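Data block below; observations after.
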Amino acid sequence: MYPPTSSEAGRDPWADDDVPPGPAGRAHPPVPRIGPDVDDGPPARRGRPRRLRRSGDPGRRPDDEAVDDVDEEEEFEPVEVRRPLSLTVAGFAALLGVGLVLGAQTAGPGHRLPFAFIIFGVQLIFVLAWTMAMRPPALLLVALVSAVVAAAADTAAVQSDIAGLAPLGYLAAGGFLLGVLGQLVRRVDRVRVTDSLGTTLLIVVGVVAFATLIVLSRIPAGTQAITVCLTATGVALTVARITDAVLPWPRLAPQVPRGAAGVVAGAMAGTLASAVLGSYLVSFTPTSGAVIGLVTAATAVLADLAVGYAEAGRLMAGELPTMWVARHMQGPLGGFALSAPAAYAMCVLFL
């Protein structure tokens with residue numbers, strides 16, 4: 001006998017259609033539920049206990065852990081500084097500085113062709129190293145145009161009636177336009193022509209910058225200025241690379257195997273060397289030698305550092321490294337190329 005309850009008590013609202021009424025209009029007792037109901041939604045997930053965050057907050061969700069994994073993958077390991085490589089690059093910078101300084105001593109009134117041949121050889125090395133390291137579209141065309149522009153710039157610097165930079169500027173602009181137009185001709189290279197504008201401009205301007213040394217040799221006190229400035233540049237690059245081999249600290253960037261100590265020590269050593277030379281050369285004083293040496297040494301060291309950042313950026317972008325020798329010659333060559341017009345500007349302004 002059932003307990004006296006209301007006719008609606010103990011009944012599930014959904015059971016009216018499924019359970020037939022019993023005798024005397026009384027409903028059957030609720031059917032016990034054995035298994036999980038499909039309409040109640042998925043069962044609660046049972047996982048491992050939630051871990052505490054480092055800050056003491058409640059445990060993280062799996063999505064948070066996935067984000068943390070991505071962040072950890074984006075952290076780059078510091079690039080190892082290879083001491084033999086740094087010492088080798090330092091030796092190359094020293095040899096390049098000695099060659100340019102001794103070549104400048106051969107320049108004289110009516111006898112500038114030997115120095116022009118030395119400059120042209122350095123320009124060819126510059127074209128080879130930078131084209132192989134940066135790999136612009138239509139690489140062979142860009143290299144050929146740059147070599148022709150280098151020869152024309154050296155010829156103009158030697159044979160022009162007035163020693164000036166205007167002919168070199170015209171040749172640089174013409175060589176840049178010719179290189180870009182040559183890349184637009186081929187459909188394959190046309191896709192990357194926007195990315196190659198900066199590369200082509202750097203290579204063409206770099207070879208023309210070396211020709212400013214020939215123009216500088218035609219100015220009174222220009223040969224002495226070349227000696228002071230290129231000595232400061234060579235000493236700065238050499239000391240900077242040697243310091244990186246011994247003490248690459250503090251690291252400027254994890255992806256760049258250079259240290260701030262090398263940059264500062266190189267610029268200071270180059271300034272000191274130029275000040276010492278200024279005390280012995282005619283038309284110079286230790287102060288004037290230190291000023292122009294500081295400008296050229298700092299310019300060269302920063303250009304060398306910028307090449308290292310550019311190389312790290314290409315590697316991080318997924319580009320495959322090419323021609324090991326060319327990539328590591330790129331920095332000292334770029335430093336000397338940028339210090340040449342700086343030496344010309346300082347000579348014209350302060351001497």
Side-chain angles (χ1 to χ4, degrees), residues 93-127 147 149-172 204-237 270 273-274 276-285 288-297 299-300 303 332-351:
L95 291 176
L96 185 58
V98 170
L100 290 174
V101 170
L102 293 180
Q105 303 305 317
T106 63
H111 298 282
R112 295 185 177 88
L113 284 179
F115 187 40
F117 284 123
I118 294 175
I119 293 296
F120 183 67
V122 176
Q123 287 170 327
L124 292 181
I125 299 175
F126 179 89
V127 171
V149 170
D154 295 342
T155 303
V158 172
Q159 296 185 352
S160 60
D161 296 333
I162 300 176
L165 300 182
L168 304 184
Y170 297 145
L171 288 172
V204 173
V205 172
V207 296
V208 174
F210 278 106
T212 59
L213 295 175
I214 304 176
V215 179
L216 183 58
S217 66
R218 299 178 56 183
I219 299 176
T223 302
Q224 289 83 357
I226 292 175
T227 302
V228 173
C229 294
L230 294 188
T231 299
T233 300
V235 171
L237 294 175
S274 62
V276 172
L277 283 177
S279 61
Y280 291 100
L281 296 178
V282 180
S283 304
F284 277 90
T285 62
S288 61
V291 170
I292 66 174
L294 174 62
V295 173
T296 53
T299 301
L333 287 170
F336 277 98
L338 195 59
S339 65
Y344 180 88
M346 297 300 296
C347 181
V348 172
L349 294 176
F350 291 98
L351 297 180

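Heavy-atom basis, side chains included; hydrogens, waters and symmetry copies ignored. None of these values were measured; they are calculated from a predicted model.
Residues Phe284 and Thr227 are not in side-chain contact: their nearest non-hydrogen atoms beyond the backbone lie 4.5 Å or more apart. Annotation: side chain of Val291 is in contact with side chain of Met346 (closest heavy-atom distance under 4.5 Å). The side-chain heavy atoms of Leu124 and Phe120, taken from C-beta on, include a pair separated by under 4.5 Å. Looking at heavy atoms from C-beta onward, Tyr344 lies in side-chain contact with Ile219 at the 4.5 angstrom threshold. Using a 4.5 Å cut-off on side-chain heavy atoms (C-beta onward), Phe115 and Leu213 make contact.
Atom CG of residue Leu216 and atom SG of residue Cys229 lie 7.5 Å apart, to the nearest 0.5 angstrom. For the atom pair CD1 of Ile214 and CD1 of Ile226, the computed distance is 9.0 Å after rounding to the nearest 0.5 Å. Atom CG of Leu100 and atom CD of Gln105 lie 11.5 Å apart (nearest 0.5 Å). For the atom pair CG (Leu338) and CG (Leu333), the distance works out to 12.5 Å, reported to the nearest 0.5 Å. Atom OG in Ser339 sits 11.5 Å away from atom CD1 in Ile292 (nearest 0.5 Å). Between the CG atom of Leu113 and the CD1 atom of Ile119 there is a distance of 13.0 Å, given to the nearest 0.5 Å.
The minimum heavy-atom distance between Val207 and Gln123, with the atom names listed, is O-NE2, 2.6 Å. The two residues Arg112 and Ala107 come nearest to each other via the heavy atoms CG-CB, 4.5 Å. Gly99 and Ile118 make their closest contact through O-CG2, 4.3 Å (heavy atoms, listed as atom of the first residue, atom of the second, distance). When all heavy atoms are compared, the tightest approach of Asp154 to Ala211 is OD1-CB, 3.6 Å. Among all heavy-atom pairs drawn from Ala290 and Ser274, the shortest one is CA-OG, 3.7 Å. Pairing each heavy atom of Val158 with each of Ala116, the nearest pair is CG2-CB, 3.9 Å.
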Would you please test Phe126 and Phe336 for side chain to side chain contact (heavy atoms under 4.5 Å, CB included) and show each step? CA-CA 10 Å; Phe126 179 89; Phe336 277 98; over 6 Å; no
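Atom CG of Leu349 is surrounded by more than 12 heavy atoms from other residues, nucleotides or ligands within 6.0 Å.
A donor atom on one side chain and an acceptor atom on the other are not found under 3.5 Å apart for Thr296 and Thr299. When only modelled atom types and interatomic distance are considered, Ser160 and Arg218 share a side-chain donor-acceptor pair under 3.5 Å.
Of the candidates Val228, Thr223, Thr233, Thr231, Thr231 is the only one forming a side-chain contact (heavy atoms from CB on, under 4.5 Å) with Val101.
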